[in-house]
Amino acid sequence: MDDENLTLDHVGDNRFEAFRQAEALIENRRPLDALKALQPVLDAEPDKPSVQLLAGRAYFHSAQLNHAEQAFTRVLELDPSDHYARFVLGRTLQRLGRLVEALGQLRMAWAMNPVPEYQDALSEVNARLRLQEN
């Protein structure tokens, strides 16, 4: 029994380290390496919002926008109140050229947490939509 608990603790420690390593790799602008480091955690804990959010960030920064959209959407299925997930989903949709959908997500993010970064993104999408109308 003690050996079994020790093994489970070791596995958990490895996942935690892999998660932290993936975070650091994203911060160092190495999203593909981050995805490799994060893969065992994704396999083990696919329904954990923090894992999906980190994967989404890595997908976004490596221009794998459809995967990023899926990851951020999954975060919001698990936690609809995550304003940051709404923000990065909005930015992802913006990069995919789906401006009306992006606008909806960015509006919700800004309503939940009115920070300047969210307002700037919202203004940018609004401006692009107005240009398309003309």
Side-chain angles (χ1 to χ4, degrees):
M1 183 92 162
D2 287 333
D3 287 340
E4 190 174 305
N5 287 338
L6 183 61
T7 301
L8 290 175
D9 287 345
H10 181 66
V11 169
D13 287 345
N14 286 344
R15 281 191 216 135
F16 179 78
E17 287 302 317
F19 185 89
R20 292 294 178 218
Q21 180 185 16
E23 281 183 320
L25 288 164
I26 289 171
E27 292 302 317
N28 288 315
R29 302 187 195 300
R30 295 175 51 197
L32 294 175
D33 291 332
L35 286 167
K36 288 177 190 168
L38 191 60
Q39 193 59 54
V41 184
L42 271 170
D43 293 341
E45 302 183 63
D47 291 332
K48 194 166 188 177
S50 60
V51 173
Q52 286 294 327
L53 189 61
L54 189 59
R57 289 176 57 209
Y59 288 131
F60 180 84
H61 290 295
S62 63
Q64 297 179 61
L65 300 177
N66 291 319
H67 288 297
E69 178 186 6
Q70 291 171 356
F72 297 138
T73 299
R74 183 66 184 133
V75 172
L76 292 170
E77 289 169 355
L78 297 166
D79 181 7
S81 68
D82 189 324
H83 60 86
Y84 181 73
R86 289 199 183 278
F87 169 70
V88 287
L89 176 58
R91 295 299 273 187
T92 301
L93 293 168
Q94 178 185 3
R95 283 182 65 187
L96 285 166
R98 293 161 48 196
L99 298 179
V100 172
E101 292 173 76
L103 186 63
Q105 292 298 327
L106 293 170
R107 280 182 177 157
M108 283 189 274
W110 185 78
M112 297 166 95
N113 188 28
V115 296
E117 184 179 14
Y118 294 6
Q119 179 61 53
D120 291 347
L122 188 55
S123 296
E124 183 180 324
V125 171
N126 270 321
R128 290 182 71 195
L129 280 169
R130 279 194 299 274
L131 283 173
Q132 284 184 354
E133 291 172 358
N134 294 329

Please find the pair of heavy atoms, one from [X] and one from [Y], that lie closest to each other, and give the distance.
| X | Y | answer |
| --- | --- | --- |
| M112 | P80 | CE-O, 3.7 Å |
| A109 | Y118 | O-CD2, 3.4 Å |
| A37 | A18 | O-CB, 3.4 Å |
| L96 | E69 | CD1-OE1, 3.8 Å |
| A85 | L76 | CB-CD2, 3.8 Å |
| Q105 | L93 | CG-CD1, 4.0 Å |

Set of residues satisfying side chain to side chain contact (heavy atoms under 4.5 Å, CB included) with respect to A68, sequence neighbours excluded
Y59, F60, F72, T92
The criterion is side chain to side chain contact (heavy atoms under 4.5 Å, CB included); which residues satisfy it with A34, sequence neighbours excluded?
A22, L25, I26, A58
Non-hydrogen side-chain atoms of [X] and [Y] separated by less than 4.5 Å:
| X | Y | result |
| --- | --- | --- |
| D82 | P49 | no |
| L65 | Q94 | no |
| L42 | Q52 | yes |
| Q64 | L35 | yes |

Consider only side-chain heavy atoms of I, L, V, M, F, W and Y, link residues closer than 4.5 Å, and tell whether [X] and [Y] are in one cluster.
| X | Y | result |
| --- | --- | --- |
| L122 | L129 | yes |
| L103 | F87 | yes |
| V51 | V88 | no |
| W110 | V115 | yes |

Between Q39 and D43, do the side chains contain a donor N or O and an acceptor N or O under 3.5 Å apart?
yes
Can you measure from [atom1] ([X]) to [atom2] ([Y]) and round to the nearest 0.5 angstrom?
| X | Y | atom1 | atom2 | value |
| --- | --- | --- | --- | --- |
| N113 | Q119 | CG | CD | 12.0 Å |
| M108 | S81 | CE | OG | 12.5 Å |
| F19 | E45 | CZ | CD | 9.5 Å |
| L99 | Q132 | CG | CD | 5.0 Å |

Salt bridge (Lys or Arg N to Asp or Glu O under 4.0 Å): which pairs involve [range], sequence neighbours left out?
| range | value |
| --- | --- |
| residues 33-42 | R30-D33 |
| residues 100-116 | R98-E101 |
| residues 111-133 | R91-E124 |

Considering only NZ, NE, NH1 and NH2 on the basic side and carboxylate oxygens on the acidic side, decide whether R20 and E17 come within less than 4.0 Å.
no
Closer than 4.0 angstrom, basic N to acidic O: yes or no for R57 and E27?
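Yes.
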Name all residues meeting the salt bridge (Lys or Arg N to Asp or Glu O under 4.0 Å) criterion together with R74; count only those two or more places apart in sequence or in a different chain, and write none if there are none.
D47, E77
